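Please read all numbers here as calculations on a predicted model, not as lab measurements.
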Amino acid sequence: MPVPSRLKSALKSKDQLLGPGIAPLCDMTKESLRELLLRQLGLKHKLKVHDSVKPPETHEDIAANQLARWELEDEIQAIESILSDLRRTKI
């Protein structure tokens with residue numbers, strides 16, 4: 001599932017988003033927020049698929065599988081951070 005171009009900027013690191021202020025988070029439209037939530041759900045589904053497949057047999061496959069898993073977890077964590085900051089600013 002490719003990341004929509006307008007969300008790529010939202011997936012940058014938290015420090016880049018909060019650098020000049022919290023304006024990028026407050027300016028998120030409902031549609032971009034919805035797409036971000038859908039992206040998060042898709043990534044969580046991919047993690048469940050990783051858990052359900054047969055474990056890799058070689059060290060190279062284990063390493064590749066673990067790196068892919070870490071990338072998914074990092075992106076999920078970045079999205080969760082964006083959403084929690086957005087909730088905090090809305091309150």
Side-chain angles (χ1 to χ4, degrees):
M1 171 187 285
V3 179
S5 60
R6 61 180 171 259
L7 289 181
K8 286 184 182 178
S9 62
L11 295 176
K12 291 181 182 175
S13 73
K14 182 176 160 185
D15 295 332
Q16 290 174 335
L17 280 174
L18 299 177
I22 312 175
L25 293 176
C26 295
D27 292 340
M28 286 185 77
T29 63
K30 285 187 178 185
E31 183 63 29
S32 63
L33 180 63
R34 181 179 174 276
E35 289 179 9
L36 196 60
L37 288 168
L38 289 174
R39 176 73 180 159
Q40 181 186 23
L41 289 173
L43 292 171
K44 286 183 178 183
H45 175 73
K46 282 185 177 184
L47 277 178
K48 286 184 180 181
V49 170
H50 267 273
D51 293 338
S52 67
V53 296
K54 184 178 79 170
E57 297 177 4
T58 65
H59 290 290
E60 291 82 13
D61 292 340
I62 292 171
N65 192 13
Q66 193 64 34
L67 284 174
R69 183 176 181 79
W70 287 342
E71 288 175 359
L72 291 173
E73 289 171 347
D74 287 345
E75 192 169 348
I76 289 171
Q77 186 177 12
I79 292 172
E80 287 174 350
S81 175
I82 290 169
L83 293 175
S84 69
D85 288 342
L86 181 61
R87 278 187 226 114
R88 196 174 311 120
T89 59
K90 296 272 183 174
I91 293 177

Criterion side chain to side chain contact (heavy atoms under 4.5 Å, CB included) on S32 and L36, from CA distance to verdict: CA-CA 6 Å; S32 63; L36 196 60; over 6 Å; no
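- Interatomic distance, CD of E71 versus CD of E73, reported as 11.0 Å (0.5 Å rounding).
- Interatomic distance, CG of L47 versus OG of S52, reported as 11.0 Å (0.5 Å rounding).
- Counting heavy-atom neighbours within 6.0 Å of H45 NE2, excluding the residue itself, gives a total of 12 or less.
- S81 places no side-chain N or O within 3.5 Å of a backbone atom of Q77 that could act as its donor or acceptor partner.
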Worked check of salt bridge (Lys or Arg N to Asp or Glu O under 4.0 Å) between K44 and E80: CA-CA 12 Å; K44 286 183 178 183; E80 287 174 350; 3.7 Å; yes
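- Nearest heavy-atom pair across R88 and D85 is NH1-OD1, 2.8 Å.
- Distance check, rounded to the nearest 0.5 Å: CD1 of I76 to CG of L41 gives 9.5 Å.
- The CD atom of E35 sits 14.0 Å away from the CD atom of Q40 when rounded to the nearest 0.5 Å.
- Remark: I79 CD1 to R39 CZ distance equals 6.5 Å, nearest 0.5 Å.
- The environment of CZ in R34 is sparse: at most 12 heavy-atom neighbours from other residues, nucleotides or ligands sit within 6.0 Å.
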CA sep, side-chain torsions, deciding dist, call: K48, D51, salt bridge (Lys or Arg N to Asp or Glu O under 4.0 Å): CA-CA 5 Å; K48 286 184 180 181; D51 293 338; over 6 Å; no
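- With values rounded to the nearest 0.5 angstrom, L33 atom CG is found 9.5 Å from L38 atom CG.
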